[in-house]
Amino acid sequence: MTGHHPQTRAVHPPVIAPEGSRPLAVPIYQGHLFAFDAADDLAAAFAGPDGAFFYARMGNPTVRSLERAVTELEGGAGALATASGMGAVNAVLMGLLRSGDHVIAQTALYGGTYALLTNLAERWGVDVTFVQGDDPAEVRDALRPTTRLLYLETIANPTTHVTDLPAFTEAVRGTGVLTVVDNTFAPLLCKPIDHGVDIVVHSATKFLSGHGDIIGGIAVFADPDVHRRVWHHAIELGSTADAHAAWLTVRGLATMPMRVARQSASALDIARRLAGHPSVTRVHYPGLPDHPQHEVARRLLRDGAGGVLAFELTGGRDAGRVFSESVDLISLGPSLGNIATLVMHPASTSHRQMDAPTLAAAGIAEGLVRLSIGLEHPEDIWTDITQALHKAT
């Protein structure tokens with residue numbers, strides 16, 4: 001550029017590609033445009049998710065590093081990183097469904113997913129049948145010629161119901177129905193694709209990034225053709241991930257094994273203490289022997305039962321609300337999988353879309369409180385829980 005005017009040189013700084021070495025950490029590729037020497041090469045880049053980079057909504061090197069890392073962790077064939085967990089859920093559902101299709105979903109779902117399925121049913125003519133998720137026969141009985149998807153959660157939010165994934169995927173084997181599983185609560189603890197699942201979704205906001213500083217999501221696909229199909233829809237939807245959020249998530253993945261192990265151990269300790277407290281009528285945690293799916297969890301989950309638990313208070317809805325507002329060290333907040341412990345009262349927050357009968361059908365008591373255990377010392381967490389229980393009862 002030495003022969004050009006300063007005004008032109010300022011617009012075209014040198015772009016340095018590493019030569020003779022490689023970055024050890026994943027770099028942030030913040031720029032959104034990539035240039036080509038040939039028009040045919042640019043045209044070919046539009047074809048699919050693994051082509052050359054050309055526009056960041058379609059693909060970015062930092063984002064692709066995240067996608068490949070999580071693909072390997074989940075044992076898939078490809079992944080799509082999105083701007084949020086609901087972005088991943090929307091990309092999958094809206095990319096694979098059309099009016100007249102039928103979905104089977106378990107009743108105990110994240111509130112946002114439940115709202116989306118209800119919206120699809122009301123606005124787009126997608127029929128939805130909800131099942132309890134305990135007996136695969138429910139799924140077989142609900143199957144129709146128009147059934148396209150079975151939607152499950154490995155560990156349900158917020159009831160901690162554990163789905164017997166091998167049994168449920170077997171129920172739809174050979175029917176052409178794709179199984180989608182939200183594995184947000186169980187990264188590393190479970191690999192749903194190993195159990196016959198077709199698509200795994202995560203809110204990367206939670207355990208994958210783990211530090212409460214990004215919003216993101218990801219969907220991992222067992223079949224590259226399904227991956228490609230959803231990718232084409234996602235880039236039109238505009239739900240793809242931001243490079244900086246992807247970079248922070250990649251950084252979080254490095255500590256996820258240690259974080260999840262510590263959070264699982266602390267959650268089991270807190271669950272055992274809550275089970276013996278007079279103000280608590282029931283504790284929901286798959287690591288406890290009296291959990292309805294404890295044996296399923298022992299078969300399905302490896303090295304712990306996760307960092308999220310729930311419990312019910314004797315005082316019902318009012319007690320649940322008072323408890324969640326009385327914590328000190330613990331924060332009242334809407335997320336989970338964070339380095340800090342968080343509490344939420346689902347009936348008045350995340351699942352406010354559900355009326356009393358719907359909450360009951362989903363197994364969510366009005367006095368149920370959800371705890372996402374962080375990395376604080378368990379004794380400090382328990383001290384704060386104890387004082388809040390005293391105020392709530």
Donor-acceptor check, side chain of His161 to backbone of Thr107, threshold 3.5 angstrom: yes or no? no
Honestly curious: do Met58 and Val63 fall in one hydrophobic cluster under the side-chain, below-4.5 Å linking rule? no
Check for me whether the distance between the ring centres of Phe34 and Phe54 falls short of 6.0 Å. no
Minimum side-chain heavy-atom gap Arg98-Trp124 below 4.5 Å: no
Donor-acceptor check, side chain of Arg148 to backbone of Leu96, threshold 3.5 angstrom: yes or no? no
Please give me the minimum heavy-atom distance between Pro187 and Phe207, naming the atom from each residue. CG-CB, 3.5 Å
Tell me whether Leu116 shares a hydrophobic cluster with Leu97, the cluster being built from Ile, Leu, Val, Met, Phe, Trp, Tyr side chains joined at under 4.5 Å. yes
Might you point out which heavy atoms bring Thr71 and Gly78 nearest each other, and give the distance in Å? OG1-C, 3.4 Å
Under 3.5 Å donor-acceptor, His345 side chain and Glu366 backbone: yes
Under 4.5 Å between side-chain heavy atoms, chaining through other members, with only Ile, Leu, Val, Met, Phe, Trp and Tyr counted: pull out the rest of the cluster around Ile270, sorted by chain and number. Leu268, Leu274, Val280, Val283, Tyr285, Leu288, Leu309, Phe311, Leu313, Phe323, Val327, Ile330, Leu332, Val343, Val369, Leu371, Ile373, Ile381, Trp382, Ile385, Leu389
List the steps, then state whether side chain to side chain contact (heavy atoms under 4.5 Å, CB included) holds for His5 with Arg9. CA-CA 6 Å; His5 288 83; Arg9 292 203 302 269; 6.0 Å; no
Find the distance between CG (Asn90) and OG (Ser84) and round it off to the nearest 0.5 Å. 7.5 Å
Quick check for you: to the nearest 0.5 Å, what is the distance between Leu342 atom CG and Ser324 atom OG? 12.0 Å
Enter the distance from Gln293:CD to His284:NE2 here, rounded to the nearest 0.5 Å. 10.5 Å
Shared hydrophobic cluster for Phe168 and Ile155 (ILVMFWY, side-chain gaps under 4.5 Å): yes
Just checking, any donor-acceptor pair under 3.5 angstrom between side chains of Thr146 and Asp101? no
Give a yes or no on whether the backbone of Ser209 and the side-chain of His211 come within a donor-acceptor separation of less than 3.5 Å. yes
Is there a side-chain contact between Val126 and Ser99 in this structure, where contact means two heavy atoms from C-beta onward sitting under 4.5 Å apart? no
For the side chain of Thr62 and the backbone of Tyr29, is there at least one donor-acceptor N/O pair under 3.5 Å apart? yes
Counting distance only, does the side-chain N/O of Glu138 pair as donor-acceptor with the main-chain N or O of Gln132 below 3.5 Å? yes
So, Ser279 versus Thr393: side-chain donor-acceptor pair below 3.5 Å or not? yes
Is it the case that the side chain of Glu153 and the backbone of Tyr110 share a donor-acceptor pair, with hydrogens and angles ignored and the cut-off at 3.5 Å? yes
Does the side chain of Pro286 reach to within under 4.5 Å of the side chain of His294, using non-hydrogen atoms? no
Is there side-chain contact between Tyr151 and Val181, with heavy atoms separated by less than 4.5 Å? no
Could you tell me whether the side chain of Val201 reaches within less than 4.5 Å of the side chain of Ile218, counting heavy atoms only? no
With distance as the sole test, does Gln263 use its side chain to make a donor-acceptor pair with the main-chain N or O of Ala267 at under 3.5 Å? no
Can you name the closest pair of heavy atoms from Ala81 and Glu67 and give their distance? N-OE2, 2.9 Å
With clusters defined by side-chain heavy atoms of hydrophobic residues (ILVMFWY) lying less than 4.5 Å apart, directly or transitively, does Val89 cluster with Val220? no
As an exercise, state the distance from CZ of Arg229 to CZ of Phe221, rounded to the nearest 0.5 Å. 10.5 Å
How would you list all residue pairs meeting salt bridge (Lys or Arg N to Asp or Glu O under 4.0 Å) that involve residues 164-187, not counting sequence neighbours? Asp164-Arg299, Glu170-Arg173
Minimum heavy-atom separation for Leu165 and Cys190, please, with both atom names. CD1-SG, 4.1 Å
Take Arg321 and Glu325, measure what salt bridge (Lys or Arg N to Asp or Glu O under 4.0 Å) needs, and give me the verdict at the end. CA-CA 6 Å; Arg321 192 180 188 105; Glu325 293 174 348; 3.6 Å; yes
Contact between Leu143 and Val177 at the side-chain level, heavy atoms closer than 4.5 Å - yes or no? yes
Please walk me through it: do Arg302 and Leu189 pass side chain to side chain contact (heavy atoms under 4.5 Å, CB included)? CA-CA 5 Å; Arg302 301 170 297 183; Leu189 304 177; 5.6 Å; no
Pair Asp269 + Arg273: basic N to acidic O under 4.0 Å: yes
Does atom OH of Tyr55 have more than 12 heavy-atom neighbours from other groups under 6.0 Å away? no
Counting only N and O atoms by type, is there a donor-acceptor contact under 3.5 Å from the side chain of Ser372 to the main-chain atoms of Leu336? no
Do Gln387 and Ser326 pass the side chain to side chain donor-acceptor pair (under 3.5 Å) test, and can you show the C-alpha distance, the side-chain angles, and the key distance before you say yes or no? CA-CA 8 Å; Gln387 66 83 22; Ser326 299; over 6 Å; no
Could you check whether Asp127 pairs with Arg144 (Lys NZ or Arg NE/NH1/NH2 to Asp/Glu carboxylate O, under 4.0 Å)? yes
To the nearest 0.5 Å, what is the distance between NE2 (His377) and OG1 (Thr383)? 10.0 Å
Test of understanding: clusters of I, L, V, M, F, W, Y form through side-chain heavy atoms closer than 4.5 Å, transitively. Do Leu42 and Ile235 belong to the same one? yes
Might you point out which heavy atoms bring Pro346 and Ile364 nearest each other, and give the distance in Å? CB-CG2, 4.5 Å
Distance in Å, Arg57 CZ paired with Asp242 CG, rounded so as to fall on 0.5 Å steps: 14.5 Å
Is a side-chain N or O of Thr169 found less than 3.5 angstrom from the main chain of His195, in a donor-acceptor match? yes
Could you check whether atom CZ of Phe130 has more than 12 heavy atoms from other residues, nucleotides or ligands sitting under 6.0 Å from it? yes
Does the side chain of Val139 come within less than 4.5 Å of Asp141's, by heavy atoms? no
Salt bridge (Lys or Arg N to Asp or Glu O under 4.0 Å): which pairs involve residues 212-224, sequence neighbours left out? Asp213-Arg251
How about Arg140: does its CZ atom have over 12 heavy atoms from other parts shown lying under 6.0 Å from it? yes
Which heavy atom of Thr184 sits nearest to which heavy atom of Ser203, and what is that distance? OG1-N, 2.9 Å
Is Pro334 close to Met344 at the side-chain level, that is, under 4.5 Å between some pair of heavy atoms? yes
